[in-house]
K.L.:
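Starting off with a structure, shown below.
Start at 1 with the first residue, then count along the sequence. The analysis underlying the following values was restricted to heavy atoms, covering all of them including side chains, and did not include hydrogens, waters or symmetry mates.
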Amino acid sequence: MNPLINAEIGMLYTTDSRFLAKIKYTCNPDSYTFIFSSPPESPLPKQVYLMPGEAPNDYTSFLCTTTGVFNEFYVPQTDRTWYLTETETLDLPDYRTEFRIDLSFPLTIVPQGTSKNTTISVVDISVGGLKFITDQEFQVDKTFSFIFTKGAEPVFITALILKRYPARTPGVYCYGCRFLDLAQQAESVLRGFIFKENLIQSKSHRRL
């Protein structure tokens with residue numbers, strides 16, 4: 001069996017968003033297999049982020065555990081030995097149980113503890129929360145508020161920053177957040193917006 005069959009390229013990052021390695025990986029029903037071309041120079045951290053592919057504007061990432069156990073596998077087709085380690089995906093936070101869409105748009109927010117507006121760029125959104133990128137660092141566990149104006153009517157929303165995600169571009173920071181105490185009106189507006197955008201994206205993909 002050739003472990004490189006169906007393998008894809010990915011990037012590994014630490015939980016504080018430091019780049020670790022470019023690898024190959026395969027997706028299993030309940031885990032990932034990380035495939036290294038040589039043994040890592042130092043032990044892998046207990047938790048790492050896997051970012052699939054190499055696209056600089058793709059902020060998809062999965063938090064995984066590592067076992068630290070590597071198996072050597074010689075692949076005749078490449079005339080070299082590869083180093084495989086099994087992992088387990090952990091990235092199943094409650095706030096992303098809602099259907100999300102990948103969508104890029106600027107958003108003006110007011111961070112906790114200040115009255116000054118700041119502009120961030122949303123990269124995906126659901127009724128439960130959103131992921132955004134920015135050129136400045138934010139503190140995890142802090143909140144921010146904003147007026148969402150892309151739906152049927154403007155609604156006020158407060159969000160809690162839950163974690164920092166890796167970003168491939170230097171000077172870019174990526175964060176995931178959860179909406180807090182979402183009012184029924186705000187939830188309805190968000191659902192309508194997400195449903196509409198999903199229809200637009202689905203029709204666009206069918207035309208390709």
Side-chain angles (χ1 to χ4, degrees), residues 8 10-11 13 17 27 29 49-63 89-112 114-169 171-208:
E8 302 179 54
M11 307 287 189
Y13 291 81
S17 301
C27 184
Y49 278 112
L50 167 66
M51 295 191 77
E54 299 180 271
N57 294 324
D58 185 354
Y59 298 94
T60 303
S61 61
F62 302 96
L63 182 62
T89 183
L90 293 178
D91 203 13
L92 297 172
D94 292 339
Y95 77 104
R96 299 323 301 265
T97 57
E98 292 282 357
F99 175 76
R100 69 176 177 87
I101 56 171
D102 296 322
L103 189 67
S104 178
F105 62 88
L107 182 66
T108 300
I109 66 171
V110 180
Q112 178 182 351
T114 179
S115 59
K116 184 178 180 181
N117 290 347
T118 299
T119 300
I120 60 175
S121 295
V122 175
V123 295
D124 74 44
I125 187 170
S126 72
V127 175
L130 59 79
K131 182 183 287 186
F132 69 90
I133 58 172
T134 175
D135 60 1
Q136 59 182 294
E137 292 190 74
F138 282 79
Q139 185 176 334
V140 173
D141 293 332
K142 292 292 187 179
T143 64
F144 62 86
S145 58
F146 62 95
I147 297 177
F148 184 75
T149 60
K150 287 188 169 293
E153 57 183 296
V155 288
F156 180 83
I157 297 174
T158 298
L160 172 68
I161 300 174
L162 292 180
K163 63 172 64 176
R164 177 177 166 183
Y165 290 101
R168 304 181 211 265
T169 305
V172 173
Y173 305 94
C174 184
Y175 297 93
C177 66
R178 181 181 66 211
F179 298 146
L180 297 177
D181 302 322
L182 202 61
Q184 184 175 356
Q185 180 186 19
E187 179 178 342
S188 176
V189 168
L190 281 171
R191 288 195 186 279
F193 169 75
I194 291 168
F195 178 75
K196 178 181 177 181
E197 289 298 325
N198 182 54
L199 283 179
I200 293 173
Q201 291 184 12
S202 297
K203 291 178 180 179
S204 177
H205 290 158
R206 283 198 295 266
R207 285 197 295 265
L208 294 179

K.L.:
Nearest 0.5 Å, what's the CG-OH distance between Leu63 and Tyr13?
P.N.:
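Spacing of CG (Leu63) from OH (Tyr13) equals 15.0 Å.
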
K.L.:
If I take atom CD1 from residue Ile120 and atom CZ from residue Phe144, how far apart are they, to the nearest 0.5 angstrom?
P.N.:
4.5 Å

K.L.:
Write down the atom of Ser61, the atom of Met51, and the distance for their closest heavy-atom approach.
P.N.:
CB-CG, 3.9 Å

K.L.:
Passes side-chain contact (heavy atoms from CB on, under 4.5 Å), Leu182 versus Ile157? Steps please.
P.N.:
CA-CA 7 Å; Leu182 202 61; Ile157 297 174; 4.0 Å; yes

K.L.:
Please determine whether the number of non-hydrogen atoms from other residues, nucleotides or ligands lying under 6.0 Å from atom CZ of Phe195 exceeds 12.
P.N.:
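Open.
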
K.L.:
Under the rule for ring pair (Phe, Tyr, Trp, His ring centres under 6.0 Å), what residues qualify as partners of Tyr175, not counting sequence neighbours?
P.N.:
Phe132, Phe138

K.L.:
Angle between ring planes, Phe193 versus Phe148, binned at 30° and 60°: parallel, tilted or perpendicular?
P.N.:
perpendicular

K.L.:
For atom CD of Gln184, decide whether the heavy atoms of other residues, nucleotides or ligands shown that lie under 6.0 angstrom number more than 12.
P.N.:
no

K.L.:
Residues in side-chain contact (heavy atoms from CB on, under 4.5 Å) with Asn117, at least two apart?
P.N.:
Thr108, Val110

K.L.:
Checking Asp58 now: which residues fulfil salt bridge (charged side-chain N to carboxylate O under 4.0 Å, His left out) with it, not counting sequence neighbours?
P.N.:
none

K.L.:
Partners of Ser145 by side-chain hydrogen bond (donor to acceptor under 3.5 Å, both in side chains), sequence neighbours excluded?
P.N.:
none

K.L.:
Any side-chain heavy atom of Asp102 within less than 4.5 Å of one from Tyr59?
P.N.:
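Heavy-atom side-chain distance check fails, nothing below 4.5 Å.
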
K.L.:
Could you list the residues that satisfy salt bridge (charged side-chain N to carboxylate O under 4.0 Å, His left out) with Arg168, not counting sequence neighbours?
P.N.:
none

K.L.:
Excluding sequence neighbours, so at least two apart, what forms ring pair (Phe, Tyr, Trp, His ring centres under 6.0 Å) with Tyr173?
P.N.:
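Once residues adjacent in sequence are excluded, Tyr173 has no partner under the ring pair (Phe, Tyr, Trp, His ring centres under 6.0 Å) criterion.
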
K.L.:
Which distance, rounded to the nearest 0.5 Å, do you find between the CG of Leu162 and the SG of Cys177?
P.N.:
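These two atoms lie 7.0 Å from each other.
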
K.L.:
Among residues at least two apart in sequence or on other chains, which ones pass side-chain contact (heavy atoms from CB on, under 4.5 Å) with Ser188?
P.N.:
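For Ser188, no residue satisfies side-chain contact (heavy atoms from CB on, under 4.5 Å) once neighbours in sequence are set aside.
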
K.L.:
Would you name the heavy atoms of Thr60 and Pro52 that are closest together and state the gap between them?
P.N.:
O-CD, 3.5 Å

K.L.:
Counting C-beta onward and ignoring hydrogens, is there a side-chain heavy-atom pair between Phe99 and Asn198 closer than 4.5 Å?
P.N.:
yes

K.L.:
Taking the side chain as every heavy atom from C-beta outward, state whether Thr158 and Asp181 have any atom pair closer than 4.5 Å.
P.N.:
no

K.L.:
To the nearest 0.5 Å, tell me how far Lys163 NZ sits from Ser17 OG.
P.N.:
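It comes to 11.0 Å.
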
K.L.:
Measuring only between side-chain heavy atoms, which start at C-beta, is Leu107 closer than 4.5 Å to Leu130?
P.N.:
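Yes, their side chains come closer than 4.5 Å.
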
K.L.:
Show the nearest heavy-atom pair for residues Glu197 and Ile101, with the distance to one decimal.
P.N.:
CB-CD1, 3.4 Å

K.L.:
Name all residues meeting the side-chain contact (heavy atoms from CB on, under 4.5 Å) criterion together with Lys142; count only those two or more places apart in sequence or in a different chain, and write none if there are none.
P.N.:
Gln112, Gln139

K.L.:
Is there side-chain contact between Ile125 and Leu190, with heavy atoms separated by less than 4.5 Å?
P.N.:
yes

K.L.:
My understanding is that only residues two or more places apart in sequence, or in another chain, count here; which of them pass side-chain hydrogen bond (donor to acceptor under 3.5 Å, both in side chains) with Thr149?
P.N.:
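In terms of side-chain hydrogen bond (donor to acceptor under 3.5 Å, both in side chains), with neighbours along the sequence ignored, Thr149 is linked to no residue.
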
K.L.:
Cation over ring, Lys131 on Tyr165, under 6.0 Å and within 45°?
P.N.:
yes

K.L.:
I'd like to check the side-chain hydrogen bond (donor to acceptor under 3.5 Å, both in side chains) partners of Asn57; sequence neighbours left out, ordered by chain and number.
P.N.:
none

K.L.:
Going by the rule side-chain hydrogen bond (donor to acceptor under 3.5 Å, both in side chains), which residues pair with Glu153 if we only count those two or more places apart in sequence or in a different chain?
P.N.:
Gln185

K.L.:
If every non-hydrogen atom of Val127 is compared with every non-hydrogen atom of Arg191, which pair is closest and at what distance?
P.N.:
CG2-CG, 3.4 Å

K.L.:
Mind checking what makes side-chain contact (heavy atoms from CB on, under 4.5 Å) contact with Asp135, not counting sequence neighbours?
P.N.:
none

K.L.:
Looking at every heavy atom in both Leu50 and Gly10, which two are closest together, and how far apart are they?
P.N.:
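Result for this residue pair: CD1-CA, 4.2 Å.
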
